[in-house]
Q: 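Mind having a look at this structure? Questions to follow.
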Amino acid sequence: LAVLGMRADIERAKMRSEETMRHIANIHDSFAGQARAILVAISRIPEVKNGASTACDAILSNILQQSPIYTNFGMANERGDVLCSSVPLPRAVNITDRIYFQNAVKTKDFAIGEYQIGRITNQPVVVIGYPLQNGGVVFAGISLAWMNDFAKAEPGLVKSTLTLVDRTGTVLVRHPDSAQWVGNSI
């Protein structure tokens with residue numbers, strides 16, 4: 001009887017884990033769709049498309065103030081030079097070496113980058129990009145701190161471990177103990 005009870009407990013735990021993972025996967029898919037929609041909308045703003053620096057900076061700054069999930073919004077021309085940013089540029093910034101920029105230009109579609117420390121914000125992020133018709137890219141830095149705080153608050157993870165990695169195996173989200181894991185390769 002004890003073995004049967006243990007098997008039933010294991011089966012219930014497995015079902016709860018699968019349910020939690022489906023829930024998190026649905027949140028991830030919804031979040032990715034919303035992020036894409038935001039970049040598509042930003043790409044249609046004339047001041048952003050044209051890289052009108054002061055006006056573009058102000059528009060993107062306003063969007064950032066409404067979006068705690070993100071660390072920055074910006075626009076780079078076809079050469080990868082960042083022309084406007086919701087966060088003031090510390091210096092001239094070029095992003096041609098970033099995978100999200102390369103993939104957005106190459107595929108002419110929404111692209112997701114890898115773990116990086118943002119050149120503009122100095123924060124750990126995953127940056128997403130969306131191509132402009134002129135060859136440039138609009139981009140947004142997704143806050144890994146926000147993502148880890150979200151995981152901490154997820155009720156289904158109270159007695160569980162969650163690790164989310166990018167395509168290179170770098171940890172983006174870890175619950176618990178995000179500080180010791182995020183940014184490390186596994």
Side-chain angles (χ1 to χ4, degrees), residues 27-148 150 164-174 181-186:
I27 290 169
H28 177 270
D29 291 346
S30 174
F31 179 72
Q34 291 171 4
R36 184 182 196 284
I38 288 171
L39 288 185
V40 169
I42 289 171
S43 76
R44 295 182 176 154
I45 300 170
E47 294 84 355
V48 174
K49 287 194 296 190
N50 301 329
S53 186
T54 304
C56 181
D57 290 345
I59 290 166
L60 295 181
S61 179
N62 187 37
I63 294 169
L64 181 64
Q65 289 173 14
Q66 308 304 312
S67 310
I69 297 167
Y70 301 96
T71 61
N72 192 20
F73 290 98
M75 182 278 223
N77 64 19
E78 69 283 355
R79 293 179 305 283
D81 298 321
V82 177
L83 301 183
C84 69
S85 170
S86 59
V87 175
L89 297 173
R91 64 197 168 295
V93 176
N94 186 284
I95 59 172
T96 53
D97 63 325
R98 299 296 200 178
I99 195 76
Y100 67 89
F101 180 85
Q102 295 168 1
N103 287 344
V105 169
K106 180 179 165 185
T107 65
K108 297 186 181 347
D109 200 0
F110 180 73
I112 301 173
E114 302 165 340
Y115 172 87
Q116 65 187 56
I117 300 297
R119 290 190 177 134
I120 298 169
T121 64
N122 264 342
Q123 294 180 38
V125 292
V126 169
V127 182
I128 55 176
Y130 187 79
L132 296 169
Q133 290 180 343
N134 65 10
V137 171
V138 291
F139 61 87
I142 300 171
S143 169
L144 295 185
W146 183 89
M147 290 175 67
N148 279 283
F150 180 84
L164 176 64
V165 298
D166 68 12
R167 73 184 107 234
T168 68
T170 303
V171 176
L172 304 174
V173 175
R174 172 65 183 212
W181 287 86
V182 173
N184 292 311
S185 294
I186 56 171

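This one's a predicted model, so the numbers in the text were calculated from it and none came from an experiment.
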Q: Are I186 and V165 close enough that some pair of their side-chain heavy atoms sits under 4.5 Å apart?
A: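 Yes, at least one pair of side-chain atoms sits under 4.5 Å.
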Q: Assign the ring pair F150 / W146 to parallel, tilted or perpendicular, where the plane angle (0 to 90°) is split at 30° and 60°.
A: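 Geometry flag for W146 against F150: parallel rings.
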Q: Given side chains that start at C-beta, do those of D109 and R36 come closer than 4.5 Å, heavy atoms only?
A: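 The answer is yes; the side chains approach within 4.5 Å.
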Q: If I take atom OG1 from residue T170 and atom CD from residue E114, how far apart are they, to the nearest 0.5 angstrom?
A: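 Rounded to the nearest 0.5 Å, the OG1-CD separation comes out at 7.5 Å.
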Q: Taking N134 for the side chain and K49 for the main chain, is one N or O donor matched with an acceptor at less than 3.5 Å?
A: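 Side chain of N134 to backbone of K49, a donor-acceptor pair under 3.5 Å: yes, one is there.
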Q: Can you tell if the side chain of Y100 reaches within under 4.5 Å of the side chain of Q116, non-hydrogen atoms only?
A: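 Yes, their side chains come closer than 4.5 Å.
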Q: Going by distance alone, is a donor N or O of one side chain under 3.5 Å from an acceptor N or O of the other, for N72 and T121?
A: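 The answer is no; no qualifying pair exists.
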Q: State the CZ-CD1 distance between R91 and I120, to the nearest 0.5 angstrom.
A: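 The distance works out to 8.5 Å.
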Q: Might you point out which heavy atoms bring F101 and E78 nearest each other, and give the distance in Å?
A: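 Closest approach of F101 to E78: CZ-O, 3.8 Å.
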Q: Mind checking the CG-CZ spacing from L39 to F73? Nearest 0.5 Å is all I need.
A: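 Taking CG in L39 and CZ in F73, the distance rounds to 7.0 Å.
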Q: Answer whether the closest heavy-atom distance between the side chains of L132 and V137 falls below 4.5 Å.
A: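 No, too far: nothing below the 4.5 Å cut-off.
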Q: With no hydrogens and no angle check, do the side chains of S85 and D57 hold a donor and an acceptor under 3.5 Å apart?
A: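 Distance-only check fails for S85 and D57.
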Q: Any heavy-atom pair between the side chains of Q66 and N62 that's under 4.5 Å?
A: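 Yes - at least one pair of side-chain heavy atoms lies under 4.5 Å apart.
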Q: Is a side-chain donor or acceptor of N50 paired with a backbone partner of P46 at a separation under 3.5 angstrom?
A: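 Yes: the side chain of N50 pairs with the backbone of P46.
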Q: For L60 and G74, work out which heavy atoms get closest and say how close.
A: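 Nearest pair, atom of L60 first, then G74: CD1-CA, 3.7 Å.
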Q: Looking at every heavy atom in both A76 and I95, which two are closest together, and how far apart are they?
A: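 Heavy atoms only, the tightest pair is CB-CD1, 3.6 Å.
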Q: If you look at every heavy atom in P131 and A104, which pair is closest and at what distance?
A: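 Looks like CB-O, 3.6 Å.
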Q: Measuring only between side-chain heavy atoms, which start at C-beta, is F139 closer than 4.5 Å to V82?
A: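 When only atoms from C-beta onward are counted, V82 and F139 do touch, with a gap below 4.5 Å.
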Q: Kindly give the heavy-atom pair with the smallest separation between T107 and N103, and that separation in Å.
A: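 Reported closest heavy-atom pair: OG1-O, 2.6 Å.
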Q: State which residue, out of V173, V126, I69, V125, fulfils the side-chain contact (heavy atoms from CB on, under 4.5 Å) condition with M147.
A: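 Going through V173, V126, I69, V125 one by one, the side-chain contact (heavy atoms from CB on, under 4.5 Å) with M147 is satisfied by V173 alone.
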Q: Indicate yes or no for a side-chain donor-acceptor contact from S61 to the backbone of A58 under 3.5 Å, with no hydrogens or angles considered.
A: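 No; zero donor-acceptor contacts below 3.5 Å.
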Q: Going from CZ on R98 to CZ on R119, what distance comes out if it is rounded to the nearest 0.5 angstrom?
A: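 It comes to 4.0 Å.
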Q: What are the two closest non-hydrogen atoms of Q123 and T71, and how far apart are they?
A: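 Closest approach of Q123 to T71, heavy atoms only: OE1-CG2, 3.2 Å.
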Q: If I take atom CG from residue L172 and atom CG from residue N148, how far apart are they, to the nearest 0.5 angstrom?
A: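 L172 CG to N148 CG: 8.5 Å, rounded to 0.5 Å.
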Q: Quick check for you: to the nearest 0.5 Å, what is the distance between E47 atom CD and M75 atom CE?
A: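 So the CD of E47 and the CE of M75 are separated by 11.5 Å.
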Q: If we only count heavy atoms from C-beta on, is the T168 to Y115 side-chain gap below 4.5 Å?
A: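 No, every pair of side-chain atoms sits at 4.5 Å or beyond.
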